[in-house]
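Report on the structure given below.
Quick note on labels: first sequence line is chain A, next is B, and so on, each numbered from 1.
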Amino acid sequence: MVLGIVNRKPLNREPMNHHLISIYEFLLKEYGPQGWWPLLGCSGRKATPKGWVVGYHPGDYELPRTRSQVFEVCLGAILTQNTGWPQVEMALRRLQASGCLDAERIWQMEIEDLKEAIRPCGYFNQKAKKVKIFTEYFLDLDRNRPPAREELLSLWGIGPETADSMLLYAFRVPTFVIDAYTRRILTSLGIADEKSSYHDLKTLFEQSLPRDFILYQEYHALLVEHAKRFYQKKSESDSRLPCPLARLLS
DNA sequence: TTCCAGGCAATAC
DNA sequence: GTATTGCATGGA
């Protein structure tokens, strides 16, 4: 259950949370547009007159442009399950180096070769199987419309976060992505409960914000960036910098 | 050396 | 239905 509506029924009121708007405005002002999802061909920081911009392709919301870029985003969404992006990038580059960053090529690949290529991102036995299953599905997709969420969820290896990441960043469908970082931030701020479900949190964001895929993309990316700075698990809570959002909402 | 990272499915209660 | 466990690598 989400805090803020604990002691009364929502009645006709949507569980709008104005804090979520304030948080977004703060993060955007603080870090600027993040330009997610990362693509090998459009990676890195861009130089601007004021210095380096954090983010992958900030301001370009036409990406992914090509069918192969759409596939690359989906592939990354699977490979990054419980794994840091630098390791996923390694895996993607190994596929690219052998000319296999491509749905048809992966479909043709021997599973053992696929495992070897994606080894750096961990869980390679499971992930190779997931990638194979998804690739077969992808090749049969109707190119004129995005896949249905339920259909993605029915594939072995694709859970709610992976499905939503694909929909939001590959197919530009306005569906909010909840991840470990988002959960950590909301719980810490007291906006969500420790045992809020994926669906609870997703619904909270979607009912509090205009239904806009660019907004959803930026917001999720900003939460990840913020969590990396203030919510690292490794550093003890004492040695961690105080999160500025706590003061913003007080 | 140990802990962690942009989850998920299988299994156990 | 909810809680726990296995999956695996490279970086801090």
Note: with side-chain heavy atoms under 4.5 Å as the link, the other cluster members for A:Y123 come out as none
Regarding the side chain of A:A180, the nearest nucleotide among B:dG7, C:dG10, C:dA8 is B:dG7
Using a cut-off of less than 4.0 Å, is there contact between a side-chain N or O of A:N82 and OP1 or OP2 of C:dA8?
no
In whole angstroms, the gap separating C1' of C:dT9 from CZ of A:R94 amounts to 11 Å
field: Spacing of the P atoms in C:dG11 and B:dC8 (rounded, Å)
entry: 24 Å
* Asked: Taking everything shown except A:Q108 itself, do over 12 heavy atoms lie less than 6.0 Å from its CD?
  -> yes
With sequence neighbours left out, the residues meeting ring pair (Phe, Tyr, Trp, His ring centres under 6.0 Å) with A:Y137 are none
In whole angstroms, the gap separating P of C:dG6 from CD of A:Q126 amounts to 12 Å
(Q) Can you check the distance between C:dA8 and B:dT11, where both ends of the measurement are the P atom (answer in whole Å)? (A) 15 Å
Rounded to whole Å, the NZ-C1' distance (A:K228 to C:dG11) equals 13 Å
A:K233 atom NZ is separated from C:dA12 atom C1', nearest whole Å, by 16 Å
Next item on the list: Using the six-membered ring wherever Trp is involved, compare the ring planes of A:F171 and A:F138 and label them parallel, tilted or perpendicular (cut-offs 30° and 60°).
Entry: tilted
Look at all strands and tell whether A:Y123 reaches a base, only sugar-phosphate, or nothing, counting heavy atoms closer than 4.0 Å. base
Check: Given the rule in the side chain to side chain contact (heavy atoms under 4.5 Å, CB included) test, do A:Y24 and A:E218 qualify, once you have shown the distances and angles that lead to the verdict?
Finding: CA-CA 9 Å; A:Y24 177 72; A:E218 285 295 351; 3.7 Å; yes
Q: State whether A:R183 places a side-chain N or O below 4.0 Å from either non-bridging phosphate oxygen (OP1 or OP2) of B:dG7.
A: no
Ranking A:P86 and A:K127 by the position along DNA chain C of their nearest nucleotide, the one closer to 5' is A:K127
Kindly say if A:T162 contacts the phosphate of B:dC8, meaning a side-chain N or O under 4.0 Å from OP1 or OP2. yes
Taken to the nearest whole Å, OH/A:Y198 to P/C:dG1 is 20 Å
Here the distance between atom C1' of B:dG7 and atom CD of A:Q87, to the nearest Å, is 14 Å
Under 3.5 Å, which N/O atoms of the protein pair with N/O atoms of nucleotides 9-13 of chain B?
| from | atom 1 | to | atom 2 | distance (Å) |
| --- | --- | --- | --- | --- |
| B:dA9 | OP1 | A:G157 | N | 2.9 |
| B:dA9 | OP1 | A:I158 | N | 3.4 |
| B:dA9 | O3' | A:W156 | NE1 | 2.8 |
| B:dA10 | OP1 | A:W156 | NE1 | 3.3 |

In whole angstroms, the gap separating P of B:dG7 from CG of A:L152 amounts to 18 Å
Reckon A:E161 touches a base, only the sugar-phosphate, or nothing at all at heavy-atom distances under 4.0 Å?
sugar-phosphate
Here the distance between atom C1' of C:dG10 and atom CE of A:M90, to the nearest Å, is 6 Å
Separation between CZ (A:F134) and CZ (A:F71), nearest 0.5 Å, reads 6.5 Å
*CH2/A:W107: more than 12 non-hydrogen atoms of other groups inside 6.0 Å*: no
